[in-house]
Amino acid sequence: MAKSNSFSCNACGASFNKWSGRCDACGAWNTIVEEAPLSAGPASKTLGGKRGSPIKLTDLATEEAPPPRTNSGISELDRVLGGGLVPSSAILVGGDPGIGKSTLLLQAAARFAQAGLKTIYVSGEEASAQVRMRAQRLGLGDAPVQLAAATNLRDILTTLETEKPQLAVIDSIQTMWADNVESAPGSVSQVRAAAHELTNFAKRRDMSVILVGHVTKDGQIAGPRVVEHMVDTVLYFEGERGHQFRILRAVKNRFGPADEIGVFEMTGSGLAEVLNPSALFLSERGEPSPGSVVFAGVEGTRPLLVEFQALVAPSPHSQPRRSVVGWDGGRLAMILAVLEARCGIPFTGLDVYLNVAGGMKVTEPAADLAVAAALLSAREDAALPKETVIFGEISLSGALRPVSQTENRLKEAQKLGFTAAIAPSGGKPGGDSGMKLTRMGDLTAFVGEIFGAG
Ligand code: TYD
Ligand code: MG
């Protein structure tokens with residue numbers, strides 16, 4: 001076996017034939033580790049040591065009814081999965097340690113078991129007694145879930161083979177250990193081998209598998225990114241420390257729309273569903289204040305209102321600060337540049353802080369106009385009307401671009417008591433939501449309309 005590719009990056013999984021301090025593929029530092037060379041062929045071939053059997057071939061025209069999905073009854077989870085759990089699917093749930101992955105999956109396992117799926121929950125991190133105690137605290141003590149505390153992949157696969165569950169939860173993939181791979185648990189080769197075996201097993205044995213994966217910022221634990229391409233669905237469980245909200249976000253889904261989110265709240269008795277997240281994210285809004293703007297957004301198939309807050313203050317530094325929480329810093333720089341170049345409103349010498357209330361992360365470019373409005377409102381120290389929502393994408397020329405789902409955005413805003421909206425010209429009609437809709441073609445017109453001469 002050639003000695004090539006015996007180093008790999010813990011952060012992105014790229015392979016190298018020599019060590020270096022920085023990964024050429026993803027730019028991360030100190031993430032390259034030595035690995036045992038990959039054996040020829042997939043690890044599964046070496047596991048049983050047996051000859052393979054012929055695979056069954058079918059043609060495209062063969063009609064097979066899609067297998068029924070199972071709903072957990074946790075609607076925020078079912079929607080993110082694309083409408084329930086698909087049989088024989090492999091799902092990866094990633095997230096920072098302590099964010100609530102084990103809690104979510106224990107609750108999900110219990111609900112799927114109650115819905116009739118034979119379910120096994122394997123914990124490589126906690127003792128069965130600990131998991132059982134948590135289940136009791138969550139009020140799920142009598143759910144028909146089988147528990148195990150194990151890390152040896154061979155033992156786990158053998159058990160799954162005899163027990164034949166319809167769903168197995170593996171918490172976490174970093175603790176699993178395949179004895180045919182010569183490296184420590186948590187290394188890229190172990191994580192890759194364990195994920196490969198488990199997803200393969202799931203496909204062959206009509207079992208769905210949910211893998212938990214820890215992601216750390218410093219890349220010390222093998223990120224589940226090497227696993228992402230092996231599974232059908234990748235969900236990220238995210239949230240800000242100090243906030244109760246947790247967001248389950250689909251970033252890849254072979255069985256449903258990606259970008260779908262589910263919103264949960266961490267309570268004393270586990271994760272509770274948040275069925276009306278807009279109300280939750282806006283709940284702390286008081287009187288209109290400068291710098292605060294409500295953005296009518298869309299996450300996946302669902303409209304979601306969030307509040308942008310901006311603060312603009314004279315800077316004591318030669319290099320003014322630009323600080324963003326919950327939105328993209330590069331996009332903020334772009335909007336500041338457009339405001340300066342196209343509308344003649346400079347932010348030189350001013351510190352700019354931008355925050356999305358409630359710990360939500362917004363990725364839609366449709367938030368551009370709301371961000372610009374928040375920045376202007378903060379800079380002019382003038383509050384916008386409280387009952388107005390704003391959305392629209394800004395192009396580098398300063399033109400406003402129409403965005404999708406205008407009608408949905410307006411309906412949600414109206415439901416929450418807003419009466420007016422500002423949106424780009426063009427695009428689809430807004431429907432008959434009863435909202436007063438003002439449409440504008442470019443940023444200069446917007447500035448003139450809202451803040452007089454600017
Ligand atoms: P956990 O599910 O163990 O996180 P992960 O598996 O992602 O590492 O959740 C850990 C946190 O959740 C812990 O700090 C305590 C909190 N928590 C609650 O607030 N309420 C609860 O009912 C439970 C079970 C946990
Ligand atoms: Mg855990």
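Atoms within a ligand are numbered from 1 in the order they appear, just like the ligands themselves. Because the structure is predicted, anything quoted here is derived from the model rather than measured. Heavy-atom basis, side chains included; hydrogens, waters and symmetry copies ignored.
- Atom 22 (O) of ligand 1 has as its closest protein heavy atom Gly270 N, 2.7 Å.
- The neighbour count for Arg321 CZ, taken as heavy atoms of other residues, nucleotides or ligands under 6.0 Å away, does not exceed 12.
- Residues Glu126 and Val131 share a closest heavy-atom pair of CB-CG2, 4.0 Å.
- Taking all atoms of both residues into account, the shortest heavy-atom contact from Glu161 to Phe201 is N-CZ, 3.7 Å.
- Taking 4.5 Å as the limit, some side-chain heavy atom of Leu275 sits within range of a side-chain heavy atom of Ser75.
- Between Pro97 and ligand 1, no N or O atom pair is found at a separation short of 3.5 Å.
- Ranking the protein heavy atoms by distance from atom 11 (C) of ligand 1 puts Gly98 O, 3.6 Å first.
- Summarising the geometry of Val306 relative to Met360, their closest heavy-atom pair is CG1-CG, 3.7 Å, with the distance given to 0.1 Å.
- When side chains are defined from C-beta on, Leu350 does not count as touching Pro320, because their heavy atoms never get closer than 4.5 Å.
- Among all protein heavy atoms, the one lying closest to atom 20 (N) of ligand 1 is Thr267 O, 2.8 Å.
- Scanning the protein heavy atoms around atom 4 (O) of ligand 1, the nearest turns out to be Gly100 N, 3.1 Å.
- Among all heavy-atom pairs drawn from Ala90 and Val231, the shortest one is O-CB, 3.5 Å.
- Contact annotation: Ser269 has at least one heavy atom less than 4.0 Å from an atom of ligand 1.
- Within a 4.0 Å radius of atom 15 (C) of ligand 1, the protein contributes no non-hydrogen atoms.
- For Glu412 and Lys415, the salt-bridge test passes: some basic side-chain N is under 4.0 Å from an acidic carboxylate O.
- Of all protein heavy atoms, the one closest to atom 23 (C) of ligand 1 is Arg137 NH2, 3.6 Å.
- The two residues Met207 and Leu167 come nearest to each other via the heavy atoms CG-N, 4.2 Å.
- With a heavy-atom cut-off of 4.0 Å, Val212 does not touch ligand 1 at all.
- Protein heavy atom at the shortest distance from atom 3 (O) of ligand 1 is Arg134 NH2, 3.3 Å.
- Counting protein heavy atoms only, atom 25 (C) of ligand 1 is closest to Thr103 OG1, 3.9 Å.
- Counting heavy atoms closer than 4.0 Å to ligand 1, residue Ser102 contributes atoms from both its backbone and its side chain.
- A salt bridge is defined here as a Lys NZ or Arg NE, NH1 or NH2 lying under 4.0 Å from an Asp or Glu carboxylate O, and Lys203 with Asp232 meets this definition.
- Judged purely by distance below 3.5 Å, without hydrogens or angles, the side chains of Thr119 and Gln166 never pair a donor atom with an acceptor atom.
- For atom 12 (O) of ligand 1, the closest non-hydrogen atom on the protein side is Met266 CE, 3.2 Å.
- Tyr236 does not carry Arg249 over the face of its six-membered ring by the limits of under 6.0 Å from the centre and within 45° of the normal.
- Across all their heavy atoms, Arg69 and Leu81 have their closest contact at NH1-O, 3.5 Å.
- At a cut-off of 2.8 Å, measuring from the Mg ion (ligand 2), the protein N, O or S atoms that fall short of it are Ser102 OG, waters left aside.
- Residue-ligand proximity, Leu138 to ligand 1, at heavy-atom distances under 4.0 Å covers atoms 22 (O).
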